[in-house]
Amino acid sequence: MFKILLPISVLIFLSCKPEDTKPKPVPQPEPAQLQFSVLPCMGSDTLLYNTNYSLDQGDTLKVSKFNVFISNIRLVGTNATISESNSYHLIRTHQPNTHNFVWTTSEFQTYQALQLTIGIDSARNCSGVQLGDLDPAYASDMFWSWTTGYIFLKLEGNSPQSKNFNQFVEYHIGGFSGSNKTQKTITIPFNSPLAISSGTHKKINLKLDVKQLFNGVNKIKISEQGSILSIGLKAAQFSSNFTQLITLRSIQ
Amino acid sequence: MVLVSCSVDAPVKNPVNDTPFEFLPENWPLPKYRFTENQISKDRFELGRALFYETRLSRDNSISCAGCHIQNYAFAQTDHAFSHGVDNRVGTRNAPGLFNLAWHTEFMHDGAINHIEKQPLAPIANPIEMDENLTRVLEKLNALPKYKTLTRAAYNSDTLTSQRMLWAMTQFMGLIYAQHSKYDAVKNNTNGIHFTAAEQRGYDVFIQHCNACHREPLFSDFEYRSNGLAPLPMLLDSGRSHVTGLSKDKWKFKTPSLRNVALTYPYMHDGRFTTLDQCIEHYRRGNFNHENLDPLLKGAITLSEGQISDLKLFLNTLTDYTMIYDRRFSDPQLQP
């Protein structure tokens with residue numbers, strides 16, 4: 001017969017009676033607030049929809065949708081690395097309220113770099129129904145229902161160079177394991193160390209640059225690859241361009 | 001403070017009579033889905049049951065899960081190679097029976113879905129099945145007093161969210177057990193129930209020729225294999241490679257469980273065979289499609305007519321009549 005061990009918990013309380021001294025008022029540390037602000041861009045311009053932009057390879061692109069998941073945000077210090085809890089953020093470039101989020105922390109240290117992942121870790125792709133930005137109802141356009149897994153990045157638009165119907169450009173990039181893995185963790189060093197102490201309020205301004213998707217390790221020509229809509233080699237190659245997708249503009 | 005805990009996962013309870021999983025027959029492995037976060041309660045199970053029979057999951061409110069997964073046929077659909085969705089659209093794969101799903105880690109014939117809680121999202125969104133989106137489903141259901149009541153009972157809140165909905169559906173689907181067949185009674189030495197001589201001979205044939213893939217006690221190894229079926233030209237369904245993108249996975253499909261196999265005709269991922277005889281004949285004839293053919297099928301399986309007859313009698317002992325007549329799994333709107 002199949003057996004299950006019952007939980008056995010042993011609690012031992014060791015009580016230390018405090019010395020009878022007058023309590024001194026100790027100022028309570030106030031959590032630090034890090035406000036992240038993502039600015040969608042096309043090269044040096046702020047990204048506008050339905051506007052023609054010239055890409056560096058000579059292609060022309062008009063964007064009609066650009067969504068990306070960034071996740072697992074960390075601050076890397078010499079002594080410690082801290083992670084934002086439940087760190088999953090779906091940036092929908094057409095919804096400004098998704099460009100900003102606040103991380104509250106009481107881990108007071110000095111940090112040298114910001115680390116984040118474009119995409120979502122394998123564990124969350126393989127677990128049950130999630131909440132927040134990973135809720136399959138909220139993220140319905142960023143979730144493949146015919147197979148399991150989130151779409152990490154979705155770029156849609158038009159280009160005269162596209163050979164697709166109606167000159168569509170469609171990149172739906174995902175795939176989270178093995179050779180199909182497309183999530184990329186990037187480290188962005190700070191120009192000068194970021195000191196976080198009680199009550200610190202910092203605004204971390206990030207740039208999300210569509211152009212970098214075409215200009216990375218793999219040069220993407222729209223005429224050759226106007227759409228990627230499933231996991232596999234093409235998506236994995238495309239994702240190697242994620243490394244410069246997000247850069248640091250400033251810290252205020 | 002020192003905390004010493006020797007607990008493994010807490011026992012999983014059956015929703016209705018609070019029977020823990022301990023009633024599992026001997027030799028059954030532990031279920032893969034343990035309801036750890038999604039804690040079992042009768043109210044959640046009942047919400048899931050209502051949702052399973054809810055046609056509002058589909059775009060035109062015409063099709064429920066139960067439309068293609070019918071309890072009388074072990075939650076498969078008989079007589080249909082392919083089930084039909086909204087607007088009379090016809091699918092491309094045979095609807096499998098639903099039982100013992102807590103032992104699966106991947107779902108669909110190609111394993112495209114990697115978690116039981118996410119499984120319902122696929123038929124809801126599929127244009128040839130329910131063709132609906134989750135946000136609209138939730139809007140429709142939240143507008144009904146019935147779901148306010150059910151959701152309040154299950155979650156102490158009036159609002160059905162995607163997680164609440166999918167957790168409840170997982171409780172219903174994940175608690176349909178096929179484990180009361182004659183085969184199980186024989187294995188458990190229940191009330192002196194024995195195989196007949198022919199069933200026993202059929203069992204011996206099964207062990208020799210079938211059990212390597214359709215492995216006891218779940219009657220599947222849950223692996224992806226090509227059993228040598230030539231792909232239908234109209235579909236060219238590549239199976240597992242559709243998910244992995246790997247050519248070595250072409251034509252492979254998940255080994256289906258043979259529990260309730262007498263009820264779940266037609267057979268194979270594309271429903272091409274109507275009878276068990278045709279299935280067995282496929283393996284006996286051995287005229288296999290050789291690309292990625294499973295190594296265990298390098299030659300035809302030699303079986304006499306008598307052995308086939310015995311094997312079919314054995315396969316009939318895998319039918320769980322308790323499960324298919326269990327009112328707890330039937331349409332709540334049809335209850336007396």
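Keep in mind that what you see is a predicted model, and the values were worked out from it rather than measured. Proteins get letters first, then strands, A, B, ... in listed order; numbering begins at 1 in each.
Annotation for A:Lys65: atom NZ counts as buried by contact number, over 12 foreign heavy atoms lying within 6.0 Å. For B:Asn191, the CG atom is loosely surrounded, since the number of other residues' heavy atoms within 6.0 Å does not exceed 12. For A:Gln57, the CD atom sits in a packed shell: over 12 heavy atoms of surrounding residues, nucleotides or ligands are nearer than 6.0 Å. Residue A:Lys219 qualifies as enclosed at atom NZ: its count of foreign heavy atoms under 6.0 Å is above 12. By the neighbour-count criterion of 12 heavy atoms within 6.0 Å, atom NZ of A:Lys234 is sparsely surrounded, having that number or fewer from other residues, nucleotides or ligands. Atom NZ of B:Lys148 is surrounded by more than 12 heavy atoms from other residues, nucleotides or ligands within 6.0 Å. Few gaps surround NZ on A:Lys184; more than 12 heavy atoms of other groups in view lie less than 6.0 Å from it.
In this structure, chain A has heavy atoms under 4.5 Å from both the backbone and the side chain of B:Ile113.
Ranked by heavy-atom pairs under 4.5 Å with chain A, the first of B:Pro123, B:Gly245, B:Ala122 is B:Ala122. Among A:Ser140, A:Gly232, A:Ser127, the residue making the largest number of heavy-atom pairs under 4.5 Å with chain B is A:Ser127.
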message = What verdict does the side-chain contact (heavy atoms from CB on, under 4.5 Å) test give for A:Asp135 and B:Ser162, after you've listed the backbone C-alpha separation in whole Å, the side-chain angles of each residue and the deciding distance to 0.1 Å?
response = CA-CA 7 Å; A:Asp135 182 327; B:Ser162 52; 2.3 Å; yes

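For the atom pair A:Asn180 CG and B:Leu246 CG, the distance stands at 6.5 Å (nearest 0.5 Å). Interatomic distance, CD of B:Glu129 versus CH2 of A:Trp146, reported as 14.0 Å (0.5 Å rounding).
For the side-chain contact (heavy atoms from CB on, under 4.5 Å) with A:Val129, the lone residue among B:Leu166, B:Thr161, B:Thr170 that qualifies is B:Leu166. Partner of A:Thr147 under the side-chain contact (heavy atoms from CB on, under 4.5 Å) criterion, chosen from B:Thr244, B:Asn114, B:Val243, B:Asp110: B:Val243.
Here the side chain of B:Lys118 pairs no donor or acceptor atom with the backbone of A:Ser145 at under 3.5 angstrom.
Using a 4.5 Å heavy-atom cutoff, the side chains of B:Leu121 and A:Pro136 are in contact.
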